[in-house]
Engineer: 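This structure is in structure tokens; I'll ask about it shortly.
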Amino acid sequence: MVRVAKSMTRSSLESRPLNHWRYHELLPIEPNEEAFAWPVGWTPIMDAPRLASWAGCRQLRVKDDGRNPTSSFKDRASSVGVLHAIQAKASRIACASTGNAASSLAGYAAMAGIPATIFVPQRAPEPKVAQLLIYGADVRRVRGTYAQAYDLCSAECSKHGWYNRNCAINPYLVEGKKTCGLEIAEQTAGREPDWVVISVGDGCTVAGVAKGLFQMKELGIIGRLPRVLGVQASGMDPVARAFETGDLPKDYSGHTLADSIDVPVPRNWRKAIKYVKATNGAMNRVTDEEITDAMKAAGRLAGIFAEPAAAASIAGVQRAVAEGLIGKGEDVLAVVTGNGLKDIKTAMAIAGQPTEVEPLNPASLREEGT
Ligand SMILES: *Cc1c(COP(=O)(O)O)cnc(C)c1O
């Protein structure tokens, strides 16, 4: 850290490229010119005053990570994972996922020119499978559940020596996710928010963001550490429960329409809890209805199209203000982790229908024109 503090100062950062590789000293990778040209991160933070009034807090800023190249936060982890796979001389990279982790991995594998095999469960959503196929991944639809796809992926990786991008076992990925916290710190330095709010499924993301904030505090880039609020769906809340009791609930099952945080067996829950507590932070829960309300509010009041798991953070702000956890005078930054086009079915179900109208009479227009 002492060495990094010398090379990474607020002014030296100013001349660096506007992507997350600007923090390469803090990532567990060797510098690589080709990979450092891959776009990733440095997503915009925008002030959303009308959304702040809706949520009930003084200021609400939104960091839109849906603007990453494959439209989700997962690009931070995948870009680091793929670069690490190249440096480990892997012949192929694989993962099991139904959603953003897979499409992101397929995208970065395509940028790097390394083949990817993705194991998806039988019921993987069509738009996300389309994204995989367009990026040219070898997609294997496993006739079974996500857990079975995961087990098959692990077995094939050890059999063939493929590089495994499953978050549960790959420590490089939390380091990639950390860059969101590093960016929040640098982009808000001097005007740090009181709270940073992010949704939680497995727990790897919230842990990474908090770790990034800590490192920037340690480096002196920010003077004050924001508190971190992790938001879960009330129908799928094992990490929120573990936050309260110290352990995961036994034989847990549940469901939320926010597919990217519909994770009954979170693998990074200890790390998540440890980091959130270290920021003097908190966890809360929101219903599926609060999530879809927040999707509409973010679209209408701030021009941000969030997928359900991403809108959960905004719903979590409103809930936290209503419950007095976040003060009405406080300053909040919510991370939107994925773009709403990832889940068109939910968007169409809540958005309403267009108004059907007749065209002007085309025949009469032609007559007038001649
Ligand atoms: C993966 C994901 C999350 C949650 O990240 P975890 O590491 O599983 O906690 C939140 N939102 C979106 C859009 C995601 O893809």
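Ligands are counted one by one from 1 in listed order, and the atoms in each one are counted from 1 as well.
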Engineer: Does an N or O from Asn100, backbone or side chain, lie closer than 3.5 Å to an N or O of ligand 1?
Structural biologist: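 Yes, since at least one N or O of Asn100 sits under 3.5 Å from an N or O of ligand 1.
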
Engineer: Please tell me if the side chains of Tyr163 and Leu105 come closer than 4.5 Å, counting only heavy atoms from C-beta onward.
Structural biologist: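 Sidechains of Leu105 and Tyr163: no contact.
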
Engineer: Only heavy atoms of Ala309, strictly under 4.0 Å: list the atoms of ligand 1 that pass.
Structural biologist: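 Those of ligand 1 that fall under 4.0 Å from Ala309 are 11 (N).
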
Engineer: Is it the case that ligand 1 has an N or O less than 3.5 angstrom from some N or O of Cys204?
Structural biologist: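 Yes, Cys204 has an N/O under 3.5 Å of an N/O on ligand 1.
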
Engineer: Among Ile184, Val62, Ile314, Val197, which residue meets the side chain to side chain contact (heavy atoms under 4.5 Å, CB included) test with Val335?
Structural biologist: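 Going through Ile184, Val62, Ile314, Val197 one by one, the side chain to side chain contact (heavy atoms under 4.5 Å, CB included) with Val335 is satisfied by Ile184 alone.
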
Engineer: Find all atoms of ligand 1 within a distance of less than 4.0 Å from any non-hydrogen atom belonging to Glu307, and give their numbers and elements.
Structural biologist: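 That gives atoms 13 (C) of ligand 1.
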
Engineer: Mind jotting down which residue pairs meet the ring-ring contact (aromatic ring centres under 6.0 Å, His included) criterion with at least one end in residues 240-259? Sequence neighbours excluded, please.
Structural biologist: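 Non-adjacent pairs meeting ring-ring contact (aromatic ring centres under 6.0 Å, His included): zero.
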
Engineer: What atoms in ligand 1 come closer than 4.0 Å to a heavy atom of Gly201?
Structural biologist: 4 (C), 6 (P), 8 (O), 9 (O)

Engineer: Determine, considering heavy atoms only, which of Ile198, Ile261, Thr205, Val200 sits nearest to atom 6 (P) of ligand 1.
Structural biologist: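 Checking each option, the heavy atom nearest atom 6 (P) of ligand 1 is found in Thr205.
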
Engineer: Restricting to side chain to side chain contact (heavy atoms under 4.5 Å, CB included), what partner residues turn up for Val321, sequence neighbours left out?
Structural biologist: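 Side chain to side chain contact (heavy atoms under 4.5 Å, CB included) check on Val321 returns Cys57, Val317, Ile326, Lys328.
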
Engineer: Does Lys342 have a heavy atom less than 4.0 Å from any atom of ligand 1?
Structural biologist: no

Engineer: If you measure only the distance, is there a donor-acceptor pair under 3.5 Å linking the side chains of Asp293 and Gln318?
Structural biologist: no

Engineer: If you measure every N/O of Lys177 against every N/O of ligand 1, is any gap under 3.5 Å?
Structural biologist: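 Looking only at distances, the answer is yes, because the N/O contact criterion of under 3.5 Å is met.
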
Engineer: With heavy-atom distances below 4.0 Å as the criterion, list the atoms of ligand 1 near Ser199.
Structural biologist: 10 (C), 11 (N)

Engineer: Can you tell me if Thr43 and Arg67 form a side-chain donor-acceptor pair at under 3.5 Å?
Structural biologist: no

Engineer: Is Ala310 near ligand 1, meaning one of its heavy atoms is under 4.0 Å from it?
Structural biologist: no

Engineer: Name the one of Lys178, Arg16, Glu183, Glu186 that satisfies side chain to side chain donor-acceptor pair (under 3.5 Å) with Tyr23?
Structural biologist: Glu186

Engineer: So, 4.0 Å and heavy atoms of Gly203: is ligand 1 close enough to count as a contact?
Structural biologist: yes

Engineer: When you look at Arg285 and Glu244, which way does the salt bridge (charged side-chain N to carboxylate O under 4.0 Å, His left out) test go after all the steps?
Structural biologist: CA-CA 12 Å; Arg285 303 163 172 83; Glu244 287 148 12; 3.0 Å; yes

